[in-house]
Amino acid sequence: MNQPGRFATLTVNGRAIAATGDPARRLSDFLREEAGLRGTKSGCDAGDCGACTVIADGAAVCACLMPVGRLAGARVTTVEGLADAPGEAGTLSRLQSAFLRHGAAQCGICTPGMLTAAAALLAKKPRPTEAEAEVALGGVLCRCTGYRKILAAVCDAWREDVPEAPLAPGAAVGARVRRLDGVPKVTGADRFGADEWPEGALLLKAVRSPHFHAGFHFGDISAWKAARPGVAAIFTAADIPGRNRFGVIPAFADQPALAEGTARLRGEAVALVAFEPGAEPDLTDFPVTWQPLPYLLDPAEAEAEGAQLVHQGRPGNHLITGRVRRGDAAAALAASTHVVQGSMETAFVEHAYIEPEAGSAWMEGEVLCIRACTQAPVMDRDETAAILGLPPERVRVLPTAVGGGFGSKLDVSLQPLLGLAVLKTGRPARMVYTRAESMTSTTKRHPARITAQIGCDADGHVTALSFDGLFDTGAYASWGPTVANRVPVHATGPYRTPAVLARARAIHTHGPSGGAFRGFGVPQAALAQETLYDQLADLAGIDRLEFRLRNAFVEGDATATGQVLHGTGIHDCLTALAPHWTRALAEAAAANAAPGHLRRGVGVASCWYGCGNTSLPNPSTIRLGLTPEGTLVLHQGAMDIGQGANTVITQICADALGLPVEAFTLVGPDTFLTPDAGKTSASRQTYVSGRAAQAAGAALRAQILRLAGLNGAASLRLEAAAVVVEGETSHRVDLAALPPNPHGYALMAEETYDPPTAPLDADGQGTPYAVYGYGAQMVELEVDTELGTVRLLKITAAHDLGRVINPTLAEGQTEGGIAQGIGLALMEEYIPGRTENLHDYLIPTIGDVPPIESLLIERADPEGPFGAKGLGEHVLIPTAPAILNAVRHATGVTITRVPLLPHRLRAAILAKGAP
Amino acid sequence: MTEATSDYARPTALPEALALLAAGPRTVLAGGTDLYPATQAQRLAGPLLDITALDGLAGITAGPDGLRIGAGTTWTALAEADLPPALVALQQAARLVGGRQIQNAGTLGGNLCNASPAADGVPPLLVLGAEVELASVRGVRRLPLERFVLGVRKTALAADELLTAVHIPAAALAGRSAFVKLGARAYLVISIAMVAVRIVAERGQVVEAALAVGACSAVARRLPAVEAALVGAPLSEVAARITEAEVAAALSPIADIRGTADYRLEAACVLLRRAVTQALPVEEPA
């Protein structure tokens, strides 16, 4: 029955395509590899994520589950076929325009699947209800948006789009500017890690350990290769020319790009196989022999006396302890009128971005070019160069669009492997992780076991906190030190706490490496602190919101590190929630008046979060130039991983310069073209890179005004090869007449900003961050006490952004962070060896995120650009504790472990003696 | 290197399909929603028999003996069909399998042949007394569903057989049914537990009750003792007559990441009570 050659003709986006090759090939693979339609994304190859959704004969289907041979004669529509007149500017469909208008696309990786699923619905139901839209999109996962803006866009897609009106100069900050990089995200034209590769690229596959801990040795690799003509090359640790150790914090670098004799982590790469283009990348019978070794998965066992060591030289498997001590917490607790103590246990949480790690690499002369998804291009360059024994200037990192990061794409993954293969073969190469590879081999949120005590006086003023956290940092250091240092600083929450003893230690196991994940350990700490606050408020007989208001930081208060705060918005956030709180409590009480198994509850929790590195330099540099032809170029190196840096940084720069956002052309990020704007992490880009962009805009403006002989309130206008400056008089700055600088610019400004912080001493005293952001969220929910399930009804989120640069993007960040907080609270638990896919590892779907009301508070920060603060991580922190507090309010049950899976909540309800 | 091509056949006539199955081992491919996720490769290894073009394999037909549901009927087709109230449970289940994309591709027959303990199609068919129709070059045979699904990923299907249809006997089309599924999120749920019930009532009393629970044993099960306890019950007492002890006696749940065994037993009982309540009030026959 072999059917070589052409076997089917299908019509894709109105064009007839002859299918050749294997009829049993996934349609997704055919569309991407053969038809060149790479707008269809592959997120899981299992029908779990829906990113590959296409419309086949009118029905939305997962292209990854469909043999291409079945589609003979069928009509297939992909995202590329959704525009009213594909390929031409200005002809987006109403659905696509609605996605842009509503900010429904963040990173954009789920967007093609969302759009096609929605288009299949709209073809039958042009004006769907929200419930109908929800059902139609229930099979597409999104990790960025929290789904609410997607729902709004689909329900609003019947409306004709009204293009954005141009903004007056200086009015960009605060405006709902549509994402500047949005159009390619809704047409399918955006290029992610897996979407581009040089002609003839080798396809790389890693051989990975199936064991938590194992010794290994290779058999006859040459014979295995010789028997397989499709194998071009094989690499092991012995082939690595440089230092086979990497790690985001150089002092702790401990992870090999390819393991050397021992694998410490399930999923660790031990060998790399390069396949010829078109060859089946089959690793069957690869000659490696494993000797499984005893392993540690429990951090308490790992730090116990006599435990085996994951790394020699780290006794007790102890990586690091962070500590903050202020006053005498023990004495203050002993003297407190009320004291509560409790514990909290959290699980590994997987980032579960819909884009698995992917990229390609090639040589350009002596330069190794790496094009991959990342949050930290310059760190990638430096780490890859060190592993490959190259000077950093011989490595060029050209990031792709990033289909979600949330912290995990700060660490290198496939970059050194791509580089190794290209350097050794001289040929281009590409690599795409499978979902399982992505989940097993990359970092996770640290599981935490926290115990804490908090006291207050008779008036409900908090007196002291004692906090001890054990964080499972897994096999390799990654961001373990950052978590250990950041947690004690934030352990009090945004509340005055005169006496504090807070410690967090990171302990190695053979579990997945604990890395960076939105919040760096602070969400775990807030779960402990904020749930204890509810108990303390009850003991003191004070309303839970009032208790928080009574203790919330205000201007001039000192933190546990002794830092005096300015631009402190937590009191404003809690105050903004007050009317909602009163309403919600009344509604819950009314609903609970009748007996039954459905119990309503309301909970509140706060957050604060220091923006940028903890007491370490983290400068950003932004370059802005005007070409002799009059093109305004912004070298924007802050990775936009969906959060909106491309748009926000430009808005800030535009207002500092005094030209409209539309005048800007963006370049980068690219380590050869853009100065280093640091990593997209720690909620630092709006603040730190924003400050650099503001300075660059102001500096260029000053140069222009100087040339025009004007100052102050003059307005700028770009004309052909000139800037027209109008003040009391009008001047024309002729750009073509100015000698271009080495970068080719007639005028250029380049500015660097580094947050002013100070080191922490042995007691954690000092100024770890220059800017903090604040927030508080209120959760309304309903518990089914018979089944232990939780239904969220509404979340009201008040966040202090200092200055809102872009309300649509800010709401999008808030809703997306809340969705991840919901996952943390209710369903997400990564179990190595067991939940390495997106159907056993559950993340929230479109039906799990309730309506969200965002209250954007502006308590300007003296340090932030136009007063702005970071937001990205803050928004996740209060959600989970507010959910637990609402569950306690509904049921009386105190929860000490997340995720609160139904069986756990039911067991807790039973243990309390409820029916 | 030449590109590997699998042996892929997509016949339109049943005899041709059966002849292929008789000629040697061949993986039957329907919706693909279970086969493709089981491999990391970009193609399915052959030999394959794609049955989605077979004449008469999809669709629902009514006859004097009851209903015949073609094995290739998709979940969406089931959900959108005009069916008697006894099949509401099956239709509700069809809307809770995966997302829309899965419902548009996945088939009832595939769900049964895949034999997952959490197969959503099984409990609603068990309460309908369904039989499966198995065809091969040797002929056609029918088996009660209970004797077809034998264990985890284990069925009575012979290597040369194709599941061609599910039959619902006319007698089982009486009454009303309901399906309730429990999971830890709203969509794309793999069941912690699920139940289907069908209740026939006359003059305010239950005259026939069929209850089935899935994901609480290797194969979804009917609960004869509980059913017997319901017969004769006034409608207001139906839910209360479902006792945890009798439900537990019929099931053997495992503890896994989605729930403990005790929780599953308790939840199954709660879900059954809710499902019978949802299926009531039962319309009196004219």
Side-chain angles (χ1 to χ4, degrees), chain A residues 1-4 21-26 29 45-48 50 53 59-62 64-67 69-70 117 120 135-136 138-141 229-230 276 278-280 282 434 436 786-789 826-827 829 831 834-835 837 839-840 842-848 899 901-903 906-907, chain B residues 1-10 20 29 31-48 50 52-53 74 76 95 98-106 182-190 192 255-260 262-264 266-267 270-271 273-274:
Chain A
M1 284 296 290
N2 266 316
Q3 301 177 342
D22 192 336
R25 183 179 198 176
R26 299 177 195 263
D29 192 53
D45 276 344
D48 296 329
T53 300
V61 294
C62 288
C64 73
L65 305 181
M66 187 69 58
R70 182 177 296 171
V135 166
V140 191
L141 296 178
E276 294 290 347
E280 186 71 26
D282 184 1
T434 62
E786 289 181 340
L787 293 174
T789 51
L826 295 179
M827 65 186 80
E829 181 166 29
I831 304 169
R834 181 64 189 83
T835 62
N837 58 60
H839 56 263
D840 288 316
L842 304 182
I843 66 171
T845 68
I846 200 166
D848 296 298
L901 295 170
H903 68 93
R906 177 61 188 161
Chain B
M1 181 164 181
T2 55
E3 198 172 63
T5 52
S6 56
D7 178 354
Y8 171 90
R10 188 167 181 253
L20 283 167
L29 169 63
T33 58
D34 287 308
L35 283 184
Y36 277 100
T39 177
Q40 305 251 317
Q42 288 304 316
R43 61 200 71 211
L44 283 182
L48 292 166
D50 185 333
T52 54
T74 64
T76 297
R95 277 300 179 223
R100 272 286 190 271
Q101 296 90 327
I102 301 300
Q103 294 161 17
N104 287 338
L182 172 64
R185 67 178 176 185
Y187 292 97
L188 304 174
V189 174
I190 298 177
I192 299 170
D256 66 8
I257 56 166
R258 287 185 268 272
T260 59
D262 284 348
Y263 174 74
R264 282 196 158 92
E266 199 194 16
V270 171
L271 297 178
R273 290 186 186 129
R274 292 187 186 177

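These values consider heavy atoms only, across backbone and side chains, with no hydrogens, waters or symmetry-generated copies. Below, chain A is the first sequence line, B the second, and so on; all start at residue 1.
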Between [X] and chain B, with a heavy-atom cut-off of 4.5 Å, which part of the residue counts as in contact: side chain, backbone, both or neither?
X	answer
A:Leu141	side chain
A:Leu787	both
A:Ala117	side chain
A:Pro899	neither

Say you draw a straight line from [atom1] of [X] to [atom2] of [Y]; how long is it, rounded to the nearest 0.5 Å?
X	Y	atom1	atom2	result
B:Arg100	A:Cys62	CZ	SG	13.5 Å
B:Glu266	A:His903	CD	NE2	12.5 Å
A:Asp840	B:Ile257	CG	CD1	4.5 Å
B:Asp256	A:Arg834	CG	CZ	6.0 Å
B:Arg185	A:Leu842	CZ	CG	4.5 Å

Can you tell which of [options] has the highest number of heavy-atom pairs within less than 4.5 Å of chain B?
options	answer
A:Ala436, A:Gly50, A:Gly47, A:Gly69	A:Gly69
A:Ala59, A:Pro67, A:Cys64	A:Pro67
A:Glu829, A:Met827, A:Glu276, A:Arg70	A:Arg70

Problem set entry | Which atom of A:Val135 lies closest to which atom of B:Tyr187, heavy atoms considered |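 Heavy-atom minimum between the residues: CG2-OH, 3.5 Å.
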
Please give me the minimum heavy-atom distance between A:Ala46 and B:Pro37, naming the atom from each residue.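 Closest pair (atom of A:Ala46, atom of B:Pro37, distance): O-CG, 3.4 Å.
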
Would you mind checking which part of [X] comes under 4.5 Å of any heavy atom in chain A, side chain (CB onward), backbone (N, CA, C, O), both or neither?
X	value
B:Leu35	neither
B:Arg258	both
B:Tyr36	both
B:Thr260	both
B:Thr39	both

So B:Gln101 and A:Val140, do their side chains get closer than 4.5 Å, heavy atoms only?
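Yes; the side chains approach each other to less than 4.5 Å.
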
Check: Any side-chain heavy-atom pair from B:Ile102 and A:Val61 closer than 4.5 angstrom?
Finding: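 No, every pair of side-chain atoms sits at 4.5 Å or beyond.
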
Would you say [X]'s side chain and [Y]'s backbone share a donor-acceptor pair under 3.5 angstrom?
X	Y	answer
A:Asp29	B:Gln42	no
A:Arg26	B:Ala41	yes
A:Asp848	B:Ala186	yes

Exercise for the section: Select, from B:Arg274, B:Gln103, B:Arg95, the one with the greatest count of heavy-atom pairs under 4.5 Å involving chain A. Expected result: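 Going by pairs under 4.5 Å, I would pick B:Arg274.
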
Find the one option among B:Ile190, B:Leu182, B:Leu29, B:Thr52 whose heavy-atom pairs under 4.5 Å with chain A are most numerous.
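Top option by heavy-atom pairs under 4.5 Å: B:Thr52.
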
For A:Leu901 and B:Ile192, run side chain to side chain contact (heavy atoms under 4.5 Å, CB included): C-alpha distance rounded to whole Å, both residues' side-chain angles, the deciding distance at 0.1 Å, then the answer.
CA-CA 11 Å; A:Leu901 295 170; B:Ile192 299 170; over 6 Å; no

query = Salt bridge between B:Arg43 and A:Asp22, side-chain N to carboxylate O under 4.0 Å?
reply =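 Answer for the salt bridge query: yes.
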
Problem - Lys/Arg-Asp/Glu bridge criterion (N-O < 4.0 Å) met for B:Arg273, A:Glu786 - result: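 Salt bridge between B:Arg273 and A:Glu786, a charged N being under 4.0 Å from a carboxylate O: no.
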
